Amino acid sequence: MIPSKSDKIFSGILFIENRETMEKIISTNEPFGVQEVCIITILATSAGFFGSIQKLSLGYIFHEPHFWCSSGMPMHDQCQKYENTSTTPCDSWDYDRSEYPETIVSQFNLVCDERYWIFLSQSIYIFGYVIGTFGSGIISDKFGRKPTILVSAVLCHLFSSTAAFSSTIVEFNICRFCIAASAVSLYIVSFTYCMEIAGTRWKSLVSSLFGLSISIGMALVPLLSWIFPHWSDLQLFATLPTILIMFLLFIPSVFKESSRWLSVNAISDPRSEKCVLVQTLDPEDIPSSSGSLIDLFRTPGLQFSYGVLAYIWCVLLIIFVFVLMNCKDIIPGDLTINIEILSGMDLIAGFITFPLVLYVNRQLSTSLCFFMTGTTFVLHFFHPHPVYKQIFAQLGLFFNTLCLNLMSVFTLEIYPTVIRSMALGSLNAVGRIAAMAAPMFLLV
C-alpha cells in the first residue's frame, strides 16, 4: 500500500497515522519459519547468557575473603600492624582461600585503602553500559542491525578473553569497560533485530525468550563459580556464548539484515540497492534524510514522552543494578541461595511477560508492576526482621524485572523503525548514567 500525500513525512521519518498502513508498507514477503526461529534463539540465548553472566559474576570475581597482614608482626587491625610502639599500614596481606583460591581482591590486594576499587569497578562497568547503549542505537540505525551485532559479538569475545589475563586492576577495568559497552550493544541490537524479523504476532514470545535467557544465565552463575573457583577461569568461560553468534559470520546467507531496517533505508535513499519496497513512491513523498537523535525531541509530545520514559528507565535500572550487584549486602542470607531465588523469580517473570504483553493493556500491566515494585521495596526498607526483608527484596526485584520486560516492548512499539534502536539505546543510556551512582550508595 502506497502512502498518500496526506501522510506526514518529517525529517526522514515516515509518520503514518494509521498503524496498519505502516505495517503493510514495511512488511516483507519472507515467511517466519524455522530459519528465523533458529536465529532468534541463538541471538537471545547468546546475548542474554553473556550479559547476565558478566554482570552477576562480579559478586564472585570481587569476593572479599578474610585477610590479615602477612608481615608476622602483631596486628592492630586488618590494615595496620604494630611496629615498636606505633602502628604502620600493612604492605602485604594473606587471604583465606578455602572458598575461592583467587579473586580480583586477593590478586590485586583490593583491601583497606584500595578497597574503593571494588565499588569504582562497578561504576566503570556501568559507564561502559552507558556508552554502549547510547552508541549502539545510533550505529545500528545508521549502518544496520546485522553488522552491529556481529562486531559487538567479536568485541565481547576479544575483551572478555583479555580481561582473564589482566596483570593490573587498571587493565582489568579497561577490559571490563569495553565488555560492558559491547555486551549491552549486543543485547539491545539483537533484541531490536529479533523483534523486527518476528513481526507483531510473535513479539511477546521474543520478549519472553530474551527475558528467560537472562534468568537462566543468572541461575548458572553460582554453578559456574563452583566449577571455576578461580576468577580468571570464570571470566574466560563467560566468553563461550559469543562463539555461537560469531559462527553466523560463516553463514551470511542465513543471517540476513532486518527487512524493516532495509525498507526504511530504501525509503530514505531511493538509490540504495537494498531496497525492499516497490519503488513507486512519488519523489516528493521520499524523505531526504535518515532519523537522528533530534527526531526523538522533534515535537512537544515527543519531548514529554521521552522525558517520562527516561524517568521510568532511570528508576528501574537504578533498582536493578543496585540490588543485583550488591545483593550480598542488601538481601540477608546466603549469597548463592539468594542468587538462585532471584534467578528463579526472573524465570517466572519471563514466563509471565508473555501473556501480559499478549492479553493485558500496557497501561494496566505497567502501572500495577510499578506500584508493586515500590511497595515491596518500601516494606523491605522499614521492616526489621531479616526474613521479611529477604522476601520483600526478592519480590521487589521480581516486579522490577517485569517492569523492565514490559518497558522494553513498550518503548519499541511507540517509536518508528528508523529511530527504534536509537530510542531504546538512548533511554538505556540515560538509565545507566543514573545507575552509575548505585554502587556508591553502600559507601554512604
Side-chain angles (χ1 to χ4, degrees), residues 11-14 25-26 28 30 36 39-40 42-44 46-47 50-51 128-159 177-198 210 242 244-277 279 286-296 298 408 411-412 415-429 432:
S11 185
I13 304 176
L14 191 61
I25 289 177
I26 62 176
T28 68
E30 300 173 349
E36 287 74 22
I39 291 174
I40 290 174
I42 290 174
L43 291 179
S46 300
F50 182 81
Y129 261 66
V130 172
I131 301 301
T133 51
F134 185 77
S136 62
I138 299 174
I139 293 171
S140 67
D141 284 338
K142 181 70 175 177
F143 300 103
R145 318 298 193 215
K146 177 182 174 180
T148 308
I149 291 171
L150 294 178
V151 170
S152 297
V154 171
L155 292 178
C156 284
H157 187 83
L158 175 64
F159 288 111
F177 171 86
C178 297
I179 290 170
S182 52
V184 73
S185 174
L186 176 64
Y187 183 85
I188 289 178
V189 181
S190 296
F191 182 76
T192 304
Y193 173 84
C194 291
M195 293 287 277
E196 289 179 348
I197 68 171
F210 271 82
T242 58
L244 279 175
I245 298 179
M246 290 192 295
F247 178 72
L248 296 175
L249 285 168
F250 299 100
I251 45 176
S253 60
V254 175
F255 185 28
K256 302 176 182 178
E257 182 57 87
S258 165
S259 295
R260 288 174 179 264
W261 181 85
L262 289 174
S263 300
V264 174
N265 189 62
I267 292 175
S268 62
D269 184 6
R271 296 168 298 178
S272 173
E273 296 179 358
K274 297 182 285 186
C275 183
V276 204
L277 300 176
Q279 295 298 314
I286 299 176
S288 59
S289 62
S290 59
S292 66
L293 281 174
I294 298 176
D295 293 307
L296 296 175
R298 181 65 68 177
S408 297
T411 301
L412 291 178
Y415 285 101
T417 303
V418 72
I419 57 170
R420 182 174 291 149
S421 184
M422 192 185 305
L424 183 61
S426 63
L427 286 168
N428 265 275
R432 299 289 175 181

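None of the values given here were measured: they were computed from a predicted structure. If you read the sequence from its start, that first residue is 1, and numbering goes on from there.
The shortest non-hydrogen separation linking S182 to C178 is OG-O, 2.8 Å.
Separating the CD1 atom in I179 from the CG atom in L158 is a distance of 9.5 Å, to the nearest 0.5 Å. One distance of note links CG of L186 with SG of C156; it measures 5.0 Å at 0.5 Å rounding. The OG atom of S190 sits 11.0 Å away from the CD1 atom of I42 when rounded to the nearest 0.5 Å.
Considering only residues two or more places apart in sequence or on other chains, T242 meets the side-chain hydrogen bond (donor to acceptor under 3.5 Å, both in side chains) condition with H157. F50 pairs by the ring pair (Phe, Tyr, Trp, His ring centres under 6.0 Å) definition with nothing, not counting sequence neighbours. Residues that satisfy the side-chain contact (heavy atoms from CB on, under 4.5 Å) test with T148, not counting sequence neighbours, are I139, S140, S152, S185, V189. In terms of the ring pair (Phe, Tyr, Trp, His ring centres under 6.0 Å) criterion, residue partners of F177 (sequence neighbours excluded) are, by chain and number, F127. With sequence neighbours left out, F191 forms a ring pair (Phe, Tyr, Trp, His ring centres under 6.0 Å) with F210.
In terms of modelled atom types and a separation under 3.5 Å, the side chain of S46 and the main chain of L43 share no donor-acceptor contact.
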